[in-house]
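For ligands, and for the atoms within them, numbers begin at 1 and follow the listed sequence. Residue numbers start at 1 and run along the sequence shown.
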Amino acid sequence: MKKHIVFFEAVGGSDKGRDGHRKDTVPMMDYLKKLGFSAEVVFFTDEILKDESKKNEIYEYVKKSADAYVSRVNPGNLKEEKLYFDVLRKLCADGVIGMPHPDAMIGYGAKDALTKLRNTELVPTDTLAYYDPAEAQRIGIKWEAGGEYDFKKNFPKTLAKGERVLKQNRGSTGEGIWRVQIKDPSKYAGVSELPLDAEIRCTEAVDNHVEERKLGEFMDFCEKYLKGDNGMLVDMTFLPRIKEGEIRILMLYKDPIYVVHKKPAEGADAFSATLFSGAKYRYDKPEQWSELVGYFLNNLPEIKSKLGNYDLPLIWTADFILDTDVNGKDKYVLGEINCSCVGFTSPAEFLDKTARKVANTIINIVEDTKS
Ligand SMILES: Nc1ncnc2c1ncn2[C@@H]1O[C@H](COP(=O)(O)OP(=O)(O)OP(=O)(O)O)[C@@H](O)[C@H]1O
Ligand SMILES: [Mg+2]
C-alpha cells in the first residue's frame, strides 16, 4: 500500500473556486492527510490529453505513486473525455483502484441505465431507449427499422397511450429533457399511433418553458439528441406526482448520507426539479426516508449487476419520483442516477462532515482491496 490518493480535476469550468479546485476536493484531501494518507490533485486539460508524452507522463506517475484515483471531472469540462477515460481504464487495469471505473461512470450515469433496469421494480416496464443506427452499432446493439430502438416508429405510439418524458443523454440541469403531452387528448381517444400532424405541448425541464408543436416537427428537432457518440433518447412515462417532489438519495459508496427533497415550482406545466427552474430544496437525514432508503438498498445488488457489475461509484446519487401502484399504494420510481462528478458543497453545513466520511470510505476501500 502506498497510502497515496490522486484526485483528477479539469482545469477551468464553473465548478471551480478561486484556488482552481472544486470546493469539495480540498476538504477531502485534508481529511485523508489527517488520517495518515497523502493526497494530491493532478490536473487534466484537453491539450494534455492530446499530447501523448504528457498524457503518458501522468499515467506513469499515477500508476507508480497512487493506490487509487478519485475522478472529479465534470462532464463537459473536458472535450476529450474519451481520451481521459482511456487513461483511467489503463490505470484500473494496472491495479490502481478507480473511484469510479470509467465504465461504471458510463454504465450508471447514462440515461439508458433506466432501460437496463426496466425489468426491476424500480423502473416502469414501458421505458424505451432510442439510438441512431450508427450509435447502436458502436455500442453493440442490433438496430432495425421499426424495432424497439427506432425513435420515429415508437414515439407516436407511446405518446398515444399517455403523457411522456423524453430525455437526452448529454443534457444536464434539465436541458433537452422534455415533458410531452397531446394538446387535445379527446381528439385521439382510442388511437394507437398518433399522426405526425398531432398538436403537442412540450415543456423543457431546464426552465419549464412551453412550446406548442406538431409531433413530426418536434421529432425532427429531437434527432439532434441521437447524433454522435453516446447520443440517445430515453422515453419514459410522465409521472404526475413529480408535483410532490423528486427525492434524491446522495450515496457514499454503499451508504446513504443525506436525502434531498426537490419540489418543482407551482404551475400546470412545471415539472422540473432543477434549482434554476425555481424548485425548492430541503435536506433531510436518510432516517427520515427509511422506507425509500430501505427499498433502494435492497435493490442495490440487482442495480449493480444489471449495470455491468462494476464496483459502486464513490459518490453518486439516485433520484426517485412517487407513483401509485395497482393497489393504490405509494411506489417509488427511479428517474435518474448521477455518478460522474457529484458535488457535496451544499448545504454548506454538511460539507465538512461529508468530506470526513468520504476520506474514511476511501481508506476503507483501499485497505480492503490491498490487504
Ligand atoms: N418520468 C418523469 N416524470 C415526471 N417528471 C420527470 C420524469 N423524469 C424526469 N422528470 C423531471 O425532469 C427533471 C430532469 O430530468 P432528469 O433528472 O432525468 O435529467 P437532468 O436533470 O437534465 O439530468 P442531470 O441530473 O444529469 O443533470 C427531473 O429533475 C424531474 O423534475
Ligand atoms: Mg436530474
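- Screening residues 88-115 for ring-ring contact (aromatic ring centres under 6.0 Å, His included), with sequence neighbours left out, gives His101-Tyr310, Tyr108-Trp316.
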When you pair each N or O of ligand 1 with protein N or O atoms, which pairs come out under 3.5 Å?
from, atom 1, to, atom 2, distance (Å)
ligand 1, 1 (N), Thr237, O, 3.0
ligand 1, 3 (N), Leu239, N, 2.9
ligand 1, 8 (N), Lys167, NZ, 3.0
ligand 1, 17 (O), Glu336, OE1, 2.7
ligand 1, 18 (O), Lys167, NZ, 2.8
ligand 1, 22 (O), Gly174, N, 2.7
ligand 1, 23 (O), Lys111, NZ, 3.2
ligand 1, 23 (O), Glu336, OE2, 2.7
ligand 1, 25 (O), Glu336, OE1, 2.7
ligand 1, 25 (O), Glu336, OE2, 3.0
ligand 1, 25 (O), Asn338, ND2, 3.2
ligand 1, 26 (O), Glu336, OE2, 2.5
ligand 1, 26 (O), Asn338, OD1, 2.9
ligand 1, 27 (O), Thr173, N, 2.8
ligand 1, 29 (O), Glu246, OE1, 3.1
ligand 1, 29 (O), Glu246, OE2, 3.1
ligand 1, 31 (O), Phe271, O, 2.7
ligand 1, 31 (O), Ala273, N, 2.9

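- Taking 4.0 Å as the cut-off between side-chain N and carboxylate O, Lys280 and Glu246 do not count as a salt-bridged pair.
- Note on the Mg ion (ligand 2): protein N, O or S atoms under 2.8 Å away count 1, no waters included.
- Within 6.0 Å of NZ on Lys16 lie more than 12 heavy atoms contributed by other residues, nucleotides or ligands.
- Aromatic ring pairs are classed by plane angle as parallel below 30°, tilted from 30° to 60° and perpendicular above 60°; the pair Phe221 and Trp178 is perpendicular.
- A salt bridge is defined here as a Lys NZ or Arg NE, NH1 or NH2 lying under 4.0 Å from an Asp or Glu carboxylate O, and Arg72 with Asp15 fails to meet this definition.
- Salt-bridge formation is not detected for the pair Asp94/Lys64: no Lys NZ or Arg NE/NH1/NH2 atom is positioned less than 4.0 Å from an Asp or Glu carboxylate oxygen.
- For the pair Val366/Met1, a side-chain contact is recorded, criterion being any heavy-atom separation below 4.5 Å from C-beta on.
- Outside the 6.0 Å centre-distance limit, the rings of Phe296 and Tyr332 are not counted as a close aromatic pair.
- Among residues at least two apart or in separate chains, ring-ring contact (aromatic ring centres under 6.0 Å, His included) pairs with a member in residues 116-135 are Tyr130-Phe151, Tyr131-Tyr149.
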